[in-house]
Amino acid sequence: MALPASFSLSFLSILISCSHAILPQDMKKLINLPENVVVESITGFGAAFSNLVKVHTNANYITRADAPAKDKVALVSGGGSGHEPMHGGFVGRGMLDAACPGAVFTSPTPDQMFEATKAVNGGKGVLQIVKNYTGDVLNFEMAADLARAEGIEVEAVVIDDDVAVKDSLWTAGRRGVGTTVLAEKICGAAAEAGHSLKEVVALCHNVNANGRSMGMALTSCTVPHVGKPTFDLPEDEMEIGIGIHGEPGRTRTKLKSADEITEMLLAPIVADLPLRARDEVLLFVNSMGGTPLLELFVVYGKAHEILTKAGIKVARSLVGPYITSLEMAGASITVLKLDNQMTKLWDAPVLTPALRWGV
Amino acid sequence: MALPASFSLSFLSILISCSHAILPQDMKKLINLPENVVVESITGFGAAFSNLVKVHTNANYITRADAPAKDKVALVSGGGSGHEPMHGGFVGRGMLDAACPGAVFTSPTPDQMFEATKAVNGGKGVLQIVKNYTGDVLNFEMAADLARAEGIEVEAVVIDDDVAVKDSLWTAGRRGVGTTVLAEKICGAAAEAGHSLKEVVALCHNVNANGRSMGMALTSCTVPHVGKPTFDLPEDEMEIGIGIHGEPGRTRTKLKSADEITEMLLAPIVADLPLRARDEVLLFVNSMGGTPLLELFVVYGKAHEILTKAGIKVARSLVGPYITSLEMAGASITVLKLDNQMTKLWDAPVLTPALRWGV
Amino acid sequence: MSNVSSNQIFAWIERYAAHIAEQKDYLTELDAAIGDGDHGANMHRGLQAVLAKKAELQNTDVGVLLKGVAMTLISTIGGASGALYGTFFLQASTTAEGKTELSSTEFGSLLEKGLAGIVLRGKAALGDKTMIDALQPAIKAYKRSIESGEVREDALSKAVSAAERGLKSTIPLIARKGRASYLGERSAGHPDPGASSSVLLFRSAAETLC
Amino acid sequence: MSNVSSNQIFAWIERYAAHIAEQKDYLTELDAAIGDGDHGANMHRGLQAVLAKKAELQNTDVGVLLKGVAMTLISTIGGASGALYGTFFLQASTTAEGKTELSSTEFGSLLEKGLAGIVLRGKAALGDKTMIDALQPAIKAYKRSIESGEVREDALSKAVSAAERGLKSTIPLIARKGRASYLGERSAGHPDPGASSSVLLFRSAAETLC
Ligand SMILES: Nc1ncnc2c1ncn2[C@@H]1O[C@H](COP(=O)(O)OP(=O)(O)O)[C@@H](O)[C@H]1O
Ligand SMILES: Nc1ncnc2c1ncn2[C@@H]1O[C@H](COP(=O)(O)OP(=O)(O)O)[C@@H](O)[C@H]1O
Ligand SMILES: [Mg+2]
Ligand SMILES: [Mg+2]
Ligand SMILES: [Mg+2]
Ligand SMILES: [Mg+2]
């Protein structure tokens, strides 16, 4: 068969130019074979926290050790691996019932979610908390179809809080980032308190509507099965508005001071919510992974100062690496406008590998 | 005055060759001025955890919010900054009463420790938990002299658990690393339970005698006021036996798999303790900062498997970035041989920014 | 002209796996530019899993074969492409239940049903800078060619050309769906990864189904 | 020959601060090779803090001056060098309480007392690859020169040479104290950072106390 000339010449030549073999030894990573990293990691995770969680390596999902919890709405989340402790670290009493880790930075598959859903369904219905990425949304939809076909009541709430992305009906919309962690905690507490699926769904929408985030990167990260940095960032530049998978952001600019960067992240959040004097907020300053706490607290301190000076009350805080991008250096800020219910549920006991208080 | 020729020629010329200006903008760090990073960071830390700790920026130390705790032995620790969450993140009920952060990777000064000691002294004496570095030891000694001169009973226990360093009476001895975190938790619980200074000191020696650690680095870190990596590590090499300040280790070798590295770290620990079948241990797998949890759990899983196969029972675990070296990629393993008392005290309630359970 | 046999369909998938294996780093690079750098790895993982099921997928009817391909892609890829290519083959399989061979016209309907599944699941349209920009013109070109009486070899050849033009057309576009949409205007100037893997799907067809 | 005045002593410290400022990156590099890469920054931080107290340290007696230097170094450096240089000046100050000038011999005793403080605090001996390897021979050379009737200028010049030889002697040594000791045999082949800063201390003295 004769192929058209344009194909065999131009297209093929582009396609072939860049392939090269990848050896794990090329990478500064504590891994064995890249294709085994997720299973080996969740196996270790399960061994470390066997009192709190159970790891199922048949279909790769993590449930509470005592699943299914009876007479409560079950919360299932998931997404690509590489964002640890999210989501596996949030499985436990008062937060998630199950988490489904995909390949690194790749949405999990419907069968994982379906198996997880069946394993945690306690009869009061299942809420899927989904970060707004096409892959996550589509795969969770397929899983929900499968579960509903077996008579399980399933609802999904899609988190889309990243102000770095312009929202629009005509696009995939905003990404889901930091607010996901807060929604999982708050809705997990509501489920634990016996709220109905309908109520937990409404609450989750409410948290999403009141949470906004923006992140930045100083360096790229390297996905194990790719073997080289996701993007190149010159020595004197940073990326503002980065996504948690190394997706390019809003702008690339020269390095700036922590104070300036904090303002660049916080200003669009405050404007978008919008926040007003006397509002009470939860301030969540997150490390993308490679940024040490020493620096993260500098950013937190400045963000706290800016909000306080604007008359906004920082009523609750979360600081640390909670929704990460492997070893990427950088930080994100999430602000959640609180009401009494959210504050109470935030304070409620939680007992997971990554977040615990009140128990 | 005529200087000797050897001085003005050879020595001076070496000395002058390498100086160059350092701009913070050269560094991929979320900081403002390097000289302000510690104060800004602990200020942010204090704002984030104002319910648990109080930050004193006059002499730079951190105390429990409710200090001085009456009728208990007070625990004071400290060391260079850049190891966060250690030590500030371990201040709170059931662990430290005060922490003194020095400049990055530099021991704090006696006046910080002295002020902290006075602020937390509840009348039952003060235990200094000191990592075995000359600077830390000497400065804590000077602080103890000052405190004793004011009538405060002070004892010091020096932690020296790093099997990467040969122990000897004729040298500074082994470095203090991961066991420090465990000693602070266990002794903090004992102090909370009302044990006397003498008892807590004996316990701390016991923890130190039963804890061993070894670490490795895949990459260097950059100290803010230095502005460039502490050491160069070629793209295909790693450093085994690294210290937490980027001190060179035992050997530099080609990159290896996570499984091989885990064996290289664990074998000298098991041999040095020594561990035997049926021993019960706490397994602590620590990230040096830049190694993400995804990878850390691979190491944990392998370490758990090796110990279990040797008939050693992993009775307790700690996994995460707890004693870090800024953004250095790498990991350390600490094994603590447990007895009933230590296990009970490990399980006792703790309420600090970085470790909390049971409350 | 002869019909397409189920063995040929399997050969098509096998060839597709080979092309993906060869181009996976390139596809990943395309995705790194405007997405998250995993498209090549995703497709490769899925198609290798399909190959591993060779024994059970060969020598069945086209419906069972394509359903097996679909379920394997869905359960091993994850990501947008897993759901979308999975849906493509799942919907395509419904047109071939019990059949061990397909006429050229039936094969066209199979492709159309698959594409309809992608559109329904992903809610993207032509010009959104997705795989649809390669698939839709390719399938249209195939159908038109067959309808005008040309042989399948020519129809597939035209489909490949149309897919390539479709791929090229994605370069200047601003993405409206998928991860690339987060980039807004910065997504222009890059070819869409999914459209690239779709070109390979038609190239594999042209190489095996004639 | 004239006595050493307290103003000269202050000039000595000022000059030392200037040398440290100039060499801080080099000292840090030496420390990065066998320690933790902060010796230059440590010394610089401490001596800049001393300069900031110029108003209160100038125009007092040598005892008060050196005690002020000591306390400032101790409270701003941290690390081994803070405790050790701090102790050096603290012990030295005890030999000069109330004095506004010192004879060359008295200055020698001052140095000796300071060194004794370092030895007591740090428990290191000659050959352990520490600052003592520069300080001890330098002070010895100074004393011997003064005792044999030479002028202070010559004595200090000999002290500088002895300090430099001491520094050089640290190069092949395997460190037994301080952070460098963790390296074992890998510490050989590098000069000791603290011995380098001690050479600068004597160089500053030679430039200001004659
Ligand atoms: N809504 C959609 N409809 C059709 N195709 C889409 C849609 N969203 C994304 N795609 C396709 O998927 C491709 C990306 O696939 P892949 O990288 O494997 O998944 P992910 O985006 O989840 O990482 C895009 O290049 C695009 O062609
Ligand atoms: N026990 C000791 N006695 C004398 N000098 C010492 C001792 N330990 C270390 N030193 C000196 O201190 C120097 C290191 O100082 P510095 O780098 O500022 O402190 P640190 O080692 O705490 O980082 C070494 O080069 C050595 O000269
Ligand atoms: Mg993806
Ligand atoms: Mg130091
Ligand atoms: Mg992708
Ligand atoms: Mg040093």
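Heavy atoms only: backbone and side chains are in, while hydrogens, waters and symmetry mates are out. In what follows, chains are A, B, ... by sequence order, proteins preceding strands, each numbered from 1.
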Sort Ser317(B) into side chain, backbone, both or neither according to what part of it lies under 4.5 angstrom from a heavy atom of chain A. side chain

Lys29(A) NZ to Glu295(B) CD distance, which is reported to the nearest 0.5 Å: 4.5 Å

Gap between atom OG of Ser81(B) and atom CG of Leu293(A) - 0.5 Å precision: 11.5 Å

Winner by heavy-atom pair count (cut-off under 4.5 Å) against chain A, out of Gly289(B), Ala48(B), Gly301(B), Gly290(B): Ala48(B)

Tell me, yes or no, whether the heavy-atom count around Arg93(B) atom CZ, taken from other residues, nucleotides or ligands under 6.0 Å, exceeds 12. no

Could you look at Met328(B) and say if it's the side chain, the backbone, both or neither that has a heavy atom under 4.5 Å from chain A? neither

Nearest-0.5 Å distance that lies between atom CD1 in Ile31(B) and atom CG in Leu255(A): 10.5 Å

Engaged part of Ala331(B) at the chain A interface, taking heavy atoms whose separation is under 4.5 Å: both

Excluding sequence neighbours, so at least two apart, what forms side-chain contact (heavy atoms from CB on, under 4.5 Å) with Ser287(B)? Thr291(B), Leu296(B), Pro321(B)

Please classify the contact of Ile42(B) with chain A as side chain, backbone, both or neither, using a heavy-atom distance under 4.5 Å. neither

Please check this pair: side chain of Lys28(A) against backbone of Asp236(B), looking for a donor-acceptor N/O pair closer than 3.5 Å. no

Sort Ala329(A) into side chain, backbone, both or neither according to what part of it lies under 4.5 angstrom from a heavy atom of chain B. neither

Should we count CG of Asn51(B) as having more than 12 external heavy atoms under 6.0 Å? yes

Could you tell me which of Thr219(B), Leu351(B), Val39(B), Val359(B) has the largest number of non-hydrogen atom pairs under 4.5 Å with chain A? Val359(B)

So what's closer than 4.5 Å to chain B heavy atoms on Ile261(A): side chain, backbone, both or neither? side chain

Interface residue of largest heavy-atom contact number with chain A, from Glu237(B), Arg316(B), Lys254(B), under 4.5 Å: Glu237(B)

Step by step, work out the side-chain contact (heavy atoms from CB on, under 4.5 Å) result for Leu326(A) and Leu294(B). CA-CA 8 Å; Leu326(A) 295 170; Leu294(B) 182 76; 3.9 Å; yes

Spatial distance of atom OG1 (Thr43(A)) from atom NE2 (His304(B)) [nearest 0.5 Å]: 11.5 Å

Out of Val319(A), Asp259(A), Leu318(A), which one racks up the most heavy-atom pairs below 4.5 Å with chain B? Asp259(A)

Chain A contact via Glu305(B) - side chain, backbone, both or neither, heavy atoms under 4.5 Å: neither

Under 4.5 Å from a heavy atom of chain A, the part of Pro353(B) involved: neither

Donor-acceptor check, side chain of Ser257(A) to backbone of Asn32(B), threshold 3.5 angstrom: yes or no? no

Portion of Val104(A) that has a non-hydrogen atom of chain B nearer than 4.5 angstrom: side chain

Mind checking the CG-NZ spacing from Leu30(B) to Lys302(A)? Nearest 0.5 Å is all I need. 14.0 Å

Count the heavy-atom pairs under 4.5 Å between each of Phe45(B), Phe297(B), Phe49(B), Trp357(B) and chain A, then report the option with the highest count. Phe297(B)

Chain A heavy atoms under 4.5 Å from Val299(B): which part of the residue, side chain, backbone, both or neither? side chain

